[in-house]
Amino acid sequence: MNKAGIYLHIPFCKTKCIYCDFYSVTKREDSIDRFIDCLLTEIKLNKTKLSDYTFDTIFFGGGTPSVLSANQIEKILTTLNKCYNLDKKIEITLECNPGEIDYNKLKNLKKLGINRLSIGFQSFNENLLKFLGRLHNVEQSISTFNAARKAGFDNINIDLIYDIPKQKIKDWKNDLFLGTSLEPEHISAYSLTVEQNTVLNSMVKNKIISMPSEKIDKKMFLNTIEYLENKNYIHYEISNFSKHKKNCKHNLHYWRLEPYLAFGPGAHGFDGYKRWWNKKSLNHYLTQLEENKLPIESEEILSKKDSFNETIMNGLRLMEGAKINKLNEYLDDNIENYIKPYTKKWPYIDNDGTNLSLNKKGLLFTDEIIADLFLI
């Protein structure tokens, strides 16, 4: 049976980090109970979608999903189980912040079936944590990780960020050393991106801070790959590394352009042909669903050109690459002829007959190569 994922966007946060462009709200804890009722309604209203699929991943993202109580999460999982065909070996991930979840809650979540955690460490440098607007300190990162282990979690991701203003290469190497010393099953190592509508963007625009040079960014990226591969982490997506068979199945649905349902304000869903998204407004979300109406803002049916470009964009970020047979579906010609003019300019493109991928050197130019290969 075909496999798909489920994403739940929990928009509540204690504070907004300066770099975050995901939809989130602060000081709205009083709306959480209403939100849960509406989320359950949205799930029920969508129960006929992807009815011929088995769902093998659930991902609680945000925002900060760990603000929900174990009882609230149980209600969500129970409703999903009633409405959808869930795989017996389902991967259920919950994002959480260090210092905002304790051992007892972790133990209760494990009992409910949450079997993968993603903990937002971001850095082991106190000054950089403060700069990023994080509320936790290094000690809380380590104690939250240890509490998760004690509660029985054997599949933990930690998020780390590099290319932060004033971060030195030795600081980043120290983060990698401390991160791997905890032996998480998965590490997401992201280069800090300046997104529009963030405080960081305003700071850069107003020259309050300046971002590190491209040379430093690339050096940190190469250091990351070398260091983590030496520690037996498999580099399977440009920013993601895992131990054997511990890659994030949920994110692979996105990167492989496989279907997923999404619930919550600002959440995007995809059925393989059509994409739809909810309005980024908690108030709109609550009022619509309290009237049994879906909070969808808009939808689009992907054209062949869109599908080709998205397959290239996501596939070339994966070490496995983009499927040749998929790319050929979207072209009037075939992929071999299509990429011929680009292979002299970019001698980093590999074609093994099954997948189109980038070699190690090509990873330094991923964005440029992807943009070049897009159908216009």
What's the verdict on ring pair (Phe, Tyr, Trp, His ring centres under 6.0 Å) for F35 and F12, showing C-alpha distance, side-chain angles and the deciding distance?
CA-CA 10 Å; F35 168 77; F12 304 97; 5.3 Å; yes

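- The number of heavy-atom neighbours closer than 6.0 Å to CD of E183, taken from other residues, nucleotides and ligands shown, is 12 or below.
- The environment of CZ in F374 is crowded: more than 12 heavy-atom neighbours from other residues, nucleotides or ligands sit within 6.0 Å.
- A donor atom on one side chain and an acceptor atom on the other are not found under 3.5 Å apart for K14 and T26.
- Aromatic ring centroids of F308 and Y338 lie under 6.0 Å apart.
- Side-chain contact check for I76 versus I43: some heavy-atom pair is nearer than 4.5 Å.
- For the residue pair H186 and Y236, a side-chain donor N or O sits within less than 3.5 Å of a side-chain acceptor on the partner.
- Look at E297 and K280 and you find no salt bridge, because none of the NZ, NE, NH1 or NH2 atoms lies under 4.0 Å from a carboxylate O.
- Here the NZ atom belonging to K326 is positioned 13.5 Å from the CD1 atom belonging to I335, to the nearest 0.5 angstrom.
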Mind running side chain to side chain contact (heavy atoms under 4.5 Å, CB included) on T366 and Y348 for me, showing each step along the way?
CA-CA 10 Å; T366 305; Y348 317 113; over 6 Å; no

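- Rounded to the nearest 0.5 angstrom, T64 OG1 and E95 CD are separated by 8.5 Å.
- For the atom pair T144 OG1 and I101 CD1, the distance stands at 8.0 Å (nearest 0.5 Å).
- A ring-centre distance under 6.0 Å is not found for Y254 and F270.
- Judged by distance alone, the side chains of S188 and N157 do bring a donor and an acceptor atom under 3.5 Å apart.
- Here the CZ-SG distance, from R134 to C17, works out to 4.5 Å after rounding to the nearest 0.5 Å.
- Judged by distance alone, the side chain of N174 and the main-chain N or O of K170 form no donor-acceptor pair under 3.5 Å.
- Atom CG of D52 sits in a crowded spot, with more than 12 heavy atoms from other residues, nucleotides or ligands closer than 6.0 Å.
- Taking each heavy atom of S24 and C13 in turn, the nearest pair found is CB-SG, 4.0 Å.
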One pair to check against side chain to side chain contact (heavy atoms under 4.5 Å, CB included): F59 and I92. What are the steps and the verdict?
CA-CA 6 Å; F59 196 105; I92 308 179; over 6 Å; no

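- In this structure, H250 and E91 have side chains that are in contact, with non-hydrogen atoms separated by less than 4.5 Å.
- Looking at heavy atoms from C-beta onward, L200 lies in side-chain contact with Y19 at the 4.5 angstrom threshold.
- Between F221 and H235, the ring-plane angle classifies as perpendicular under the 30° and 60° cut-offs.
- Closest non-hydrogen pair, R275 versus Y260, comes out as NE-OH, 4.0 Å.
- Checked for salt-bridge contact, E320 and R256 meet the test: a charged N lies under 4.0 Å from a carboxylate O.
- N201 and T198 share no side-chain donor-acceptor pair at under 3.5 Å.
- Ring pair Y7/H9 is tilted by interplanar angle, where 30° to 60° counts as tilted.
- Between S31 and R28, the side chains place a donor N or O and an acceptor N or O closer than 3.5 Å (distance only, hydrogens not considered).
- Between L318 and I238 the shortest side-chain heavy-atom distance does not fall below 4.5 Å.
- A donor atom on one side chain and an acceptor atom on the other are not found under 3.5 Å apart for N223 and W172.
- No more than 12 heavy atoms of other residues, nucleotides or ligands shown are found within 6.0 angstrom of NZ on K75.
- For the atom pair C83 SG and L45 CG, the distance stands at 9.5 Å (nearest 0.5 Å).
- Minimum interatomic distance between F121 and L160 (heavy atoms only, all atoms of both residues): CB-CD2, 4.1 Å.
- Look at K345 and E368 and you find no salt bridge, because none of the NZ, NE, NH1 or NH2 atoms lies under 4.0 Å from a carboxylate O.
- Taking the centre and axis of the six-membered ring of Y103, the NZ or CZ atom of K150 falls inside the cone set by 45° and 6.0 Å.
- For the pair N81 (side chain) and L77 (backbone), a donor-acceptor distance under 3.5 Å is absent.
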Could you walk me through whether T57 and H253 pass the side chain to side chain contact (heavy atoms under 4.5 Å, CB included) test, one step at a time?
CA-CA 9 Å; T57 68; H253 283 312; 3.3 Å; yes

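- Panel note: side chain R149, backbone F153; a donor-acceptor pair is recorded below 3.5 Å.
- From E185, atom CD reaches atom CG of D154 across 6.5 Å, with rounding to the nearest 0.5 Å.
- Other residues, nucleotides and ligands contribute more than 12 heavy atoms inside 6.0 Å of the NZ atom of K105.
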Checking N146 against S143 for the side-chain hydrogen bond (donor to acceptor under 3.5 Å, both in side chains) test, could you report, in this order, the C-alpha distance in whole Å, the side-chain angles of both residues, the deciding distance, and whether it holds?
CA-CA 5 Å; N146 290 336; S143 62; over 6 Å; no

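- Heavy atoms only, all atoms of each residue included: T311 and A322 are closest at O-CB, 3.7 Å.
- Summarising the geometry of T41 relative to L289, their closest heavy-atom pair is CG2-O, 3.8 Å, with the distance given to 0.1 Å.
- Under a cutoff of 6.0 Å and an axis angle of 45°, K279 and Y285 do not form a cation-pi pair.
- With a 4.5 Å cut-off on side-chain heavy atoms, L94 and S118 do not count as touching.
- No option in Q167, K168, K166 other than Q167 meets the side chain to side chain contact (heavy atoms under 4.5 Å, CB included) test with I164.
- Geometric assessment of K49 against the ring of W276 yields a positive cation-pi assignment under the 6.0 Å and 45° thresholds.
- The nearest pair of heavy atoms linking F22 to G62 is CB-O, 3.9 Å.
- Residues M211 and P165 form a side-chain contact, since some pair of their non-hydrogen atoms from C-beta on lies under 4.5 Å apart.
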Assess the residue pair K3 and D87 against the criterion (salt bridge (charged side-chain N to carboxylate O under 4.0 Å, His left out)); give the C-alpha distance rounded to whole Å, side-chain angles, the decisive distance to 0.1 Å, and a yes or no.
CA-CA 9 Å; K3 300 287 172 80; D87 195 293; 3.3 Å; yes

Step by step, work out the side chain to side chain contact (heavy atoms under 4.5 Å, CB included) result for Y162 and D175.
CA-CA 9 Å; Y162 63 91; D175 279 358; over 6 Å; no

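- The shortest distance between side-chain heavy atoms of K323 and N355 falls below 4.5 Å.
- Salt bridge present: K218 and E214 bring a charged side-chain N and a carboxylate O closer than 4.0 Å.
- Annotation: side chain of S69 is in contact with side chain of Q72 (closest heavy-atom distance under 4.5 Å).
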Could you go through the side-chain hydrogen bond (donor to acceptor under 3.5 Å, both in side chains) check for T79 and K44 one step at a time?
CA-CA 8 Å; T79 305; K44 289 168 192 168; 5.3 Å; no

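- In this model, no donor atom of one side chain and acceptor atom of the other lie less than 3.5 Å apart for Q288 and N278.
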side-chain hydrogen bond (donor to acceptor under 3.5 Å, both in side chains) between T54 and N85, worked out:
CA-CA 5 Å; T54 297; N85 180 20; 3.2 Å; yes

